[in-house]
Protein chains: 2
Amino acid sequence: MVRHSRARRSDCPIGFTLDIFGDRWSLLILRDVLTRAKSRFREFAAEERIATNVLAERLERLEGAGLLTRANDPSDARQFVYRPTRAAIDLLPVVVEMAYWGAMHDPETGAPREFVEAYEADRQALLAGMRAALTAGS
Amino acid sequence: MVRHSRARRSDCPIGFTLDIFGDRWSLLILRDVLTRAKSRFREFAAEERIATNVLAERLERLEGAGLLTRANDPSDARQFVYRPTRAAIDLLPVVVEMAYWGAMHDPETGAPREFVEAYEADRQALLAGMRAALTAGS
DNA sequence: GTACATCACTTGCATAATGCAAGTGATGCG
DNA sequence: CGCATCACTTGCATTATGCAAGTGATGTAC
């Protein structure tokens, strides 16, 4: 049986990157974890229209790829807490650049003005602030 | 008939961005156009293992999305020349950040050392240089 | 100008990924 | 105890992708 889906297809670092989250949903999940403080299955399932079976598979794969950790929620044994790893936090620049590009080129963007202003004023500070928010509780 | 594939699914600028090239191939095509000076169908088809039918559809969609232009090749009537638009050139930061992330986290990356060094030494200068190379002939 | 190669695609079909709706078992809660 | 909620599964229809083999227009060598 041949696995086409996730075989390595390129020696290029961009190809490598796309092998990990070059699909519709993985990066949206990472966006939620990185910029919206989401950490639970139901939170990911809520906002976007991702099917739960696909979500389950993506979370498992992102965990396997070393981008998310999955821990028991001490306050509710039914739930799990997904958190970004260092590698995922390193993706912040990618997420920020994609958001900025979308904000610039989407005629009806929902991008908050404050994000655009913060980016244009001081990109490094914006990134540092976002990174700090993610590293705070560790 | 309902089109699921490319309907807008999010008001987030990242969602918008992923609607345009949130698939395996679109961004690789853009990478080729933006960083490898590729401009013809056969050049795109050559390096990666993209099926020609998928490539044809992607080129058409990227043109429709305003990221590529398609022009006749004056020296060969069989060929067309695909070039990035301003919007595509604006994607350089995204491409560069993805490449850098891949270079940092891919254990067997094929990323050229010079790229990593240039990025770490002066990201802005790297981007300016890449942008200048693309704008040169216009 | 005839034969052949090359170009950008198409076409037909098999396989894989995704979407959708309805479960399922474990746990929380009144 | 009864019901709601949690993180998933399962079955199946639909869509996207991969693969191999065309196709017509054009270039090129003889």
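B:D76 comes within contact range of the sugar-phosphate backbone alone, with a heavy-atom separation under 4.0 Å but no base atom that close. Within the nucleic acid shown, A:F44 has no heavy atom closer than 4.0 Å to any nucleic acid atom.
Put simply, the side chain of B:W101 reaches to within 4.5 Å of the side chain of A:I20, judged on heavy atoms. In this structure, the side chains of A:L68 and A:T85 stay at 4.5 Å or more apart for every pair of heavy atoms. B:L126 has its side chain out of reach of B:R123: every pair of non-hydrogen atoms, C-beta onward, lies at least 4.5 Å apart.
One can place CG of A:L55 at 9 Å from P of D:dA7, the figure rounded to the nearest angstrom. Distance A:L59 CG to D:dC8 P: 7 Å, rounded to the nearest Å. Between B:E60 atom CD and C:dA8 atom C1' the separation is 13 Å, expressed in whole Å. Atom pair A:R42:CZ and C:dG28:P shows a separation of 13 Å (rounding to whole Å applied). Rounded to an integer number of Å, the gap from B:R24 CZ to D:dG18 P is 9 Å. Here D:dA7 presents its P atom at 15 Å from CD of A:E63, a figure rounded to the nearest Å. If you take CZ of B:R61 and C1' of D:dT15, they are 12 Å apart, rounded to a whole angstrom. Rounded to an integer number of Å, the gap from CZ of B:R49 to C1' of C:dT15 is 17 Å.
For C:dC7, the OP1/OP2 oxygens have no side-chain nitrogen or oxygen of B:Q79 closer than 4.0 Å. At C:dT18, one or more side-chain N or O atoms of A:R58 fall inside 4.0 Å of OP1 or OP2 (strictly under the cut-off). Note on B:R40: every side-chain N or O is 4.0 Å or more away from OP1 and OP2 of C:dC9. Within the structure, every side-chain polar atom (N or O) of A:R78 is placed at least 4.0 Å from both OP1 and OP2 of D:dT5.
In this structure, A:E43 contributes its side chain and A:R40 its backbone to a donor-acceptor pair below 3.5 Å.
For B:F41, the side-chain atoms get nearest to C:dC9 when compared with the rest of C:dT18, C:dC9, D:dC8. Among D:dA21, D:dT17, C:dA8, the nucleotide with an atom closest to any side-chain atom of B:T52 is D:dA21. Among the nucleotides C:dA8, D:dT17, C:dT18, the one closest to the side chain of B:V54 is D:dT17. Here C:dG19 is the nucleotide among C:dG19, C:dT11, D:dC8 with the atom lying nearest to any side-chain atom of A:N53.
Residues A:A51 and A:A77 each lie close to DNA chain C; by heavy-atom proximity, the contact nearer the 5' end of the strand is made by A:A51.
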Tell me, with the steps shown, if B:W25 and B:F44 meet ring pair (Phe, Tyr, Trp, His ring centres under 6.0 Å). CA-CA 10 Å; B:W25 296 114; B:F44 302 126; over 10 Å; no
